[in-house]
Amino acid sequence: MLRLLSGKSTEVLLRNSIISDKKKAIYIYGFELFYSTAFCIISILTLGTVFHYLDLAVTFLLYFMPVRVAAGGYHAKSYGRCFILTNSVAVICIFFSKLLWNVSEGEIILWIIFGVSFCYIWKEAPVVTKKHPLKADRILKNRRYAHIILIVETLVLLTARLVLKNCMVYTSIVTTFAVAIMIMVVRKGGGEG
């Protein structure tokens, strides 16, 4: 279905002479990425709305997507598996953040996890594999982007901790930990990268 929708979208551009036939494959791939990402985001937000944790779903997306774009990490072998994996990671992160929210020692554990995750992502980003090689200048740019994103997310997290007394802070930390794990899986040779 994703391939069909992407093909139809590309055909619209071709019919209106917006792109040349030479770029058809590139646009199909771009539309596949766009639709895959959009459907995943819509699904996570829909689950958040239906099960009354929309604020945590938005927090997950804000802490998961930006750093993953720059830092990389495990990638599923198909768009369908990516959809299932990302939705599962969202649900698991939100479940554990809510669980830790109800444990009195939860916050101490979370800040330790956040510090370790932050340092690991800072050191290891971006993930470069044989299947997805990056040029030296792209590696430096992605590393810089990952560092900037980590700093911004940390400042927002610290500010939120001072202002808010809710589970969103916990979701931010657990999500950062999930990103670190996805990078670690690839670094240890267990993922697509």
Side-chain angles (χ1 to χ4, degrees), residues 37 40-76 81-129 139 142-193:
T37 303
C40 198
I41 290 169
I42 290 166
S43 174
I44 290 168
L45 294 175
T46 301
L47 287 171
T49 302
V50 169
F51 293 104
H52 309 290
Y53 61 78
L54 183 60
D55 56 340
L56 303 181
V58 170
T59 302
F60 169 82
L61 290 169
L62 291 173
Y63 275 80
F64 186 78
M65 294 236 161
V67 76
R68 286 269 295 148
V69 168
Y74 179 81
H75 288 281
R81 288 180 182 177
C82 177
F83 178 85
I84 291 167
L85 176 68
T86 305
N87 276 268
S88 298
V89 170
V91 169
I92 290 167
C93 285
I94 291 165
F95 171 79
F96 277 109
S97 66
K98 286 177 136 187
L99 184 70
L100 289 168
W101 175 250
N102 293 315
V103 176
S104 59
E105 297 84 26
E107 188 164 5
I108 296 167
I109 295 166
L110 278 175
W111 285 108
I112 293 168
I113 288 171
F114 179 76
V116 170
S117 301
F118 178 98
C119 291
Y120 186 80
I121 297 169
W122 186 278
K123 180 179 176 281
E124 298 296 329
V127 174
V128 181
T129 63
I139 291 170
N142 281 20
R143 177 168 286 131
R144 188 171 39 242
Y145 292 152
H147 290 174
I148 290 168
I149 291 164
L150 279 171
I151 290 168
V152 169
E153 286 183 349
T154 301
L155 291 174
V156 170
L157 179 61
L158 293 172
T159 303
R161 175 57 187 95
L162 292 173
V163 176
L164 302 173
K165 298 285 187 199
N166 67 26
C167 196
M168 290 169 62
V169 171
Y170 283 42
T171 302
S172 304
I173 294 172
V174 173
T175 301
T176 303
F177 179 63
V179 171
I181 289 173
M182 294 179 93
I183 291 172
M184 191 180 303
V185 166
V186 175
R187 288 280 187 216
K188 299 291 182 192
E192 288 294 297

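Remember, it's a predicted structure, so these values are computed and weren't measured experimentally. Reckoned from all heavy atoms, side chains included, excluding hydrogens, waters and symmetry mates.
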Worksheet item: Hey, mind stepping through Y53 and L47 against side chain to side chain contact (heavy atoms under 4.5 Å, CB included) and telling me if it holds?
Response: CA-CA 8 Å; Y53 61 78; L47 287 171; 3.5 Å; yes
Worksheet entry | Verdict with reasoning, R144 to I148, per side chain to side chain contact (heavy atoms under 4.5 Å, CB included) | CA-CA 6 Å; R144 188 171 39 242; I148 290 168; 4.1 Å; yes
Practice prompt. In sequence, state the C-alpha distance, the side-chain angles, and the governing distance for I181 and Y120, and then conclude on side chain to side chain contact (heavy atoms under 4.5 Å, CB included).
Written response: CA-CA 9 Å; I181 289 173; Y120 186 80; over 6 Å; no
Practice prompt. Could you go through the side chain to side chain contact (heavy atoms under 4.5 Å, CB included) check for V127 and M182 one step at a time?
Written response: CA-CA 10 Å; V127 174; M182 294 179 93; over 6 Å; no
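Atoms CZ and OG1, on F51 and T46 in that order, are 11.0 Å from each other to the nearest 0.5 Å. Interatomic distance, R68 CZ to T86 OG1, rounded to the nearest 0.5 Å: 7.0 Å. With rounding to the nearest 0.5 angstrom, the CG atom of L54 is 11.5 Å from the CD1 atom of I44. In this structure, CD1 in I94 is found 13.5 Å from CG in L99, a value given to the nearest 0.5 Å. Distance check: T159 OG1 to L164 CG gives 10.0 Å after rounding to the nearest 0.5 Å. In this structure, L56 CG and S172 OG are separated by 9.0 Å, a value rounded to the nearest 0.5 Å.
Within 6.0 Å of CZ on F118 lie more than 12 heavy atoms contributed by other residues, nucleotides or ligands.
In this structure a side-chain-to-backbone donor-acceptor pair under 3.5 Å is missing from R187 to G73.
Among the candidates W101, F177, F95, F96, the single residue satisfying the ring-ring contact (aromatic ring centres under 6.0 Å, His included) test with Y170 is W101.
Side-chain atoms of L110 and F114, non-hydrogen and from C-beta on, never get closer than 4.5 Å to each other. Y63 places a side-chain heavy atom less than 4.5 Å from the side chain of V156. Side-chain contact check for Y145 versus V69: every heavy-atom pair is 4.5 Å or farther apart. Side-chain atoms of L85 and Y74, non-hydrogen and from C-beta on, do get closer than 4.5 Å to each other. No side-chain heavy atom of I92 sits under 4.5 Å from any side-chain heavy atom of F60. Inter-residue side-chain proximity for M65 and T37 is flagged as met; some heavy-atom pair is nearer than 4.5 Å. Put simply, the side chain of L61 reaches to within 4.5 Å of the side chain of L45, judged on heavy atoms. Side-chain contact check for I121 versus I183: some heavy-atom pair is nearer than 4.5 Å.
Across all their heavy atoms, C93 and A178 have their closest contact at SG-CB, 3.6 Å. Nearest heavy atoms, A125 versus A146: CB-CB, 3.8 Å. For the pair C40 and N87, the tightest heavy-atom approach, listed with the atom from each and the gap, is SG-ND2, 3.6 Å.
Note on ring orientation: taking the six-membered ring where Trp is involved, the planes of W122 and H147 are parallel (angle under 30°, cut-offs 30° and 60°).
Residues passing the salt bridge (charged side-chain N to carboxylate O under 4.0 Å, His left out) test with E153: none are found, sequence neighbours excluded.
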